[in-house]
Chemist: 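Below you'll find the structure I mean.
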There are 2 protein chains.
Amino acid sequence: MRDTGGVPKVVDHDERRRHVTAALLRITEREGLEAVSVRTVAAEAGCSVGAVQRYFSTKDEMLHFALRTVVEAERERIRHIRLGPAGMPFPDALRATLLELLPLDARREGEARIWAAFYARAAVHPEFAAVIDELNREARGNLRAAFAYAESVGELRPGQDHDALAQLVLTIMDGLMWSILMRPGGVHRDHLAAVDTAVRLVTGSASSPAPPS
Amino acid sequence: MRDTGGVPKVVDHDERRRHVTAALLRITEREGLEAVSVRTVAAEAGCSVGAVQRYFSTKDEMLHFALRTVVEAERERIRHIRLGPAGMPFPDALRATLLELLPLDARREGEARIWAAFYARAAVHPEFAAVIDELNREARGNLRAAFAYAESVGELRPGQDHDALAQLVLTIMDGLMWSILMRPGGVHRDHLAAVDTAVRLVTGSASSPAPPS
DNA sequence: CTGTATTTAATACGACTGTACCCGGAAAGC
DNA sequence: GCTTTCCGGGTACAGTCGTATTAAATACAG
């Protein structure tokens, strides 16, 4: 089919799909997933509904592609969990990693708002939940491996359940994300204090890390 | 108005509003807030659209009433945070309280699903977030007071930031709720382990002391 | 009974939804 | 030139949405 006859106007399909998806995510960040319709996405992308329909035959397919895009971005961030910068004490490295996962500036807050929208939809749509759950499992594995490594080099007090610890840390991260998104002013000192407490809980260090007040 | 002239068919307005709201919440639990429309609510409540419109002149008002209903139910549950049963060791009382807040059976899972739906909507609608934030503030206050009392009677290691501690515990509860809702099988051992770890973190019980540092 | 006031069912309306379809424009091979 | 293929704007269609309006049914005072 592709090789016979003339080759008409050729267009990078993947690029177009990403373009439309970016428009969808902008709408989601601004007004939530409920504001996403084929028409609003087309308007945001600066094209017609027919163009959107060409690359996403149905709205569900479009949403699934957007979900996979968001999950992929999150997966990329999670990959950096493995290790903090070498030569850094483990508590500091862990703290830095966790702070990087939190929506502490406007850009990451926008991303978190998108993430939360899909996250909430997963509470009703099991096929969304499956994708997200797999990502969470991956994150837990990375964190657990980091704990195991830290223990092996003597930077982490031995004898702890790394899996439960990783799950707890990720749970705290989830809760913190929602808490930050819910507060109008953004991040508060309690949020940072919670990260410090989580790090202290894992590493078992005794002193408090001087919160700026 | 009410005293003049004849008094025709009289119905309990509040009862009707609660009836309609209950139908709305059933739909929300089953299919999420996006499935809530005036028509679906009327059908679930077993009446016509006009009847719903009589008691809720607009859909927003209906949703707001439902939100306040849900928040009120949650407020009733967090009122029990103040103190566990007297004569119970503080760690056990705290653990029991936290376990009661978690959706560990089908009934509470349904309630949590409703709660999560409104929670997610609050991430986009600030007027929802304000109500929920106030409730969270209240819960934090109760928890903080419980910590202060426990410290005063010598059941809690002194010198901790009760407010930050309470915020952290509530954050863990939020994260756990989402985690439980997301997993298909319901509650896992990691969730209960997270509660134990949180209790241990707060009470500083002796199972994990002595950092070499 | 009549009269009056309230509840409710039914419907109408305009806007929006997802999807299917059509047709003109654009590039490449003949 | 023409043909072939893809692309994308425009539109039609059957629903559902929230809301306003209408008319019938109902229950009590007189």
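Bear in mind that the values here come from a model prediction, so they are computed numbers and not experimental data. Numbered from 1 within each chain, the chains take letters A, B, ... in sequence-line order.
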Chemist: Check the distance between C/dG18's P and A/E61's CD and give it to me in whole angstrom.
Modeler: 14 Å
Chemist: How is B/V49 classified with respect to the nucleic acid when contacts are heavy atoms under 4.0 Å: base, sugar-phosphate, or nothing?
Modeler: base
Chemist: Provide a list of protein-nucleic acid N or O atom pairs under 3.5 angstrom, restricted to nucleotides 13-17 of chain C.
Modeler:
from	atom 1	to	atom 2	distance (Å)
C/dT17	OP1	A/S37	OG	3.2

Chemist: Do we see a donor-acceptor contact under 3.5 Å between the side chains of A/E44 and A/T40?
Modeler: no
Chemist: Please state how far atom CG in B/L63 lies from atom P in D/dG18, giving the value in whole angstrom units.
Modeler: 9 Å
Chemist: 5'-most contact on DNA chain C: A/R54 or B/C47, nearest heavy atom basis?
Modeler: B/C47
Chemist: So, taking the atom named CZ in A/R113 and the one named CZ in A/R108, what distance separates them when rounded to the nearest 0.5 Å?
Modeler: 14.5 Å
Chemist: When the aromatic ring centroids of B/F128 and B/H64 are compared, is their separation below 6.0 Å?
Modeler: yes
Chemist: From CZ of B/R16 over to C1' of C/dA9, roughly how many Å is that when rounded to an integer?
Modeler: 13 Å
Chemist: Indicate whether OP1 or OP2 belonging to D/dG8 is found under 4.0 Å from a side-chain N or O atom of A/Y55.
Modeler: yes
Chemist: Under 3.5 Å, is there a donor-acceptor pair between the A/S179 and A/H191 side chains?
Modeler: yes
Chemist: Calculate the interatomic distance between A/H64 atom NE2 and C/dG18 atom P; express it in whole Å.
Modeler: 16 Å
Chemist: Provide, to the nearest angstrom, the distance between the CD atom belonging to B/E34 and the P atom belonging to D/dG18.
Modeler: 13 Å
Chemist: When you compare the side chains of A/Q167 and A/T171, does any donor N or O come within less than 3.5 Å of an acceptor on the partner?
Modeler: yes
Chemist: Can you find a side chain N or O atom of A/T58 that sits less than 4.0 Å from OP1 or OP2 on C/dT19?
Modeler: yes
Chemist: Quick one: is C/dT7 close enough that its OP1 or OP2 comes under 4.0 Å of any side-chain N or O from B/H13?
Modeler: yes
Chemist: Answer with base, sugar-phosphate or nothing: what part of the nucleic acid does B/F56 contact at a heavy-atom distance below 4.0 Å?
Modeler: nothing
Chemist: Of all the nucleotides listed (D/dA20, C/dT7, C/dA9), which has the minimum atom distance to the side chain of B/Q53?
Modeler: D/dA20
Chemist: Measure the spacing between CG of B/L176 and CG of B/L101 and express it to the nearest 0.5 Å.
Modeler: 11.0 Å
Chemist: Rounded to whole Å, how long is the line connecting atom CE of B/M62 with atom P of D/dC17?
Modeler: 11 Å
Chemist: Starting at atom CD of B/E31, determine the distance to atom P of D/dT16, rounded to an integer number of angstrom.
Modeler: 14 Å
Chemist: Can you measure from CZ (B/F147) to CZ (B/F90) and round to the nearest 0.5 angstrom?
Modeler: 5.0 Å
